[in-house]
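So the structure is just underneath, and the comments pick up after that.
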Amino acid sequence: AARPPRRRQHKKSNELPHPNKLPGIFDDVHATEGRQVCRRHELYVSFQDLGWLDWVIAPQGYSAYYCEGECAFPLDSCMNATNHAILQSLVHLMKPEAVPKACCAPTKLSATSVLYYDSNNNVILKKHRNMVVKSCGCH
Amino acid sequence: GSVLRRRLHSAGVPQRRLSGGERRDVQREILAVLGLPGRPRPRAPSRAPAAAAPLFMLDLYHAVAGEEEEEGEEAAVSRPVLTGLSTQSPPPGSVVSRADTVVSLVNMVEQDRDLFSPKPYWKELRFDLTQVPAGEAVTAAEFRIYKNRAAPGYANSSLQISIYEVEAQNSNRESDLLLLDVQDLRAGTEGWLVFDVTAASNHWSGDQKRSLGLRLYVETDDGHSVDPGSAGLLGRRGPRSKQPFMVTFSRASPSPGRVTR
């Protein structure tokens, strides 16, 4: 079962004034209380459940993962945000109806290999690129 | 074998039941992502991994999968360490590069010119190449054949085994042959022999070449032709775990445009 989302503590940062403290502009900003930040989640693709183990030799399935979560200001360093995503989330604060938040999406994908029989009983090892999410980020 | 990852059951989230048609569409989509036109249906009971090729390929899979797990996308398939299941040596030299597809070919027709025929004796194996991916560049190809101890008559001699590609068969004269690889070994040698037949793959692209004839000649030091069977070379009549096969390594073109559907 998925772990209950951890409650986010506010980071105490002395150097930069907290956005909420800036007069006027960001008054109505609420930290993303209770909402999950952009991160990687478990997703297992099972060849067994698909009933394919009569021709797939290995693996029986693989962890593909997926990305989900908020890309809300301020974008923490762990959210792999592009510069553009940071700017977009700032503009979203000012014009939420006009400009959406940045998207939580894979920033690094890796390959997975499948070993299987073809219909002539040849054995084939095929590498499939971009099948596994290694990390997520805001784009 | 492979580690079974914890499967996530989203408790409380209603799981939509797919209709029959939707289930077929889902499977077709996943097969398309895997680059397969349809669901393979192997002939023989596919759960009998005692044949030589599957054992070798399973070893190669574990080496490659281990690399992918650790290093991620750019993992160079360095020379995999083949351990355990198959006692076969890894692909020769630095052959294993960053292959996208490795195909082991097991369908072949065997023909022998043996002791009951005029010399020189040979063994010829014609492989079906239709499973070699047409859209990929073959980076290496090997032929693997098992050798038992030679017949007693050759006990202490050295043998030279040459492998040729049968380029063209002629009705009234000897076939046109291209030398691919040569190995010198003791008659008493036992185990898998690996021949580099990459040179034969130059004209496999497209639909030109759908089968490949490989012909083996065996000679003693002083040039006497030896029947390959007497030299201990096993063909298709050998045990399943020692039957010959080919392995091709190919790489996709740099950016194969995904076909929009």
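Naming: A, B, ... by sequence-line order, numbering from 1 per chain.
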Original post:
Only one of Thr101(B), Val132(B), Leu36(B) forms a side chain to side chain contact (heavy atoms under 4.5 Å, CB included) with Ile124(A), so which one is it?
Top reply: Thr101(B)
**OP:** Mind listing the closest non-hydrogen atom pair of Pro54(B) and Val123(A) along with its distance?
**Re:** CG-CG2, 3.7 Å
Original post:
Considering only heavy atoms from C-beta outward, does the side chain of Trp52(A) approach that of Pro40(B) to under 4.5 Å?
Top reply: no
**OP:** Report yes if the side chains of Val33(B) and His128(A) come closer than 4.5 Å at any heavy-atom pair, otherwise no.
**Re:** no
**OP:** Look up atom CZ in Arg39(B) and atom OH in Tyr116(A), then write down how far apart they are to the nearest 0.5 Å.
**Re:** 13.5 Å
Original post:
Sub-3.5 Å donor-acceptor pair from the side chain of Ser119(A) to the main-chain atoms of Arg41(B), do we have one?
Top reply: yes
Original post:
Which atom pair, heavy atoms only, marks the closest approach of Leu34(B) to Lys126(A)?
Top reply: O-CE, 4.5 Å
**OP:** Return the option, out of Thr112(A), Val132(A), Val45(A), with the maximum number of heavy-atom pairs under 4.5 Å with chain B.
**Re:** Thr112(A)
Subject >> Contacts of residues 102-112 of chain B with chain A (heavy atom under 4.5 Å) >> reply: Val102(B), Val103(B), Ser104(B), Leu105(B), Val106(B), Asn107(B)
Original post:
Which pair of heavy atoms, one from Gln131(B) and one from Asn122(A), lies closest together, and at what distance?
Top reply: CG-ND2, 3.2 Å
**OP:** For Gln27(B) and Leu50(A), work out which heavy atoms get closest and say how close.
**Re:** NE2-O, 3.3 Å
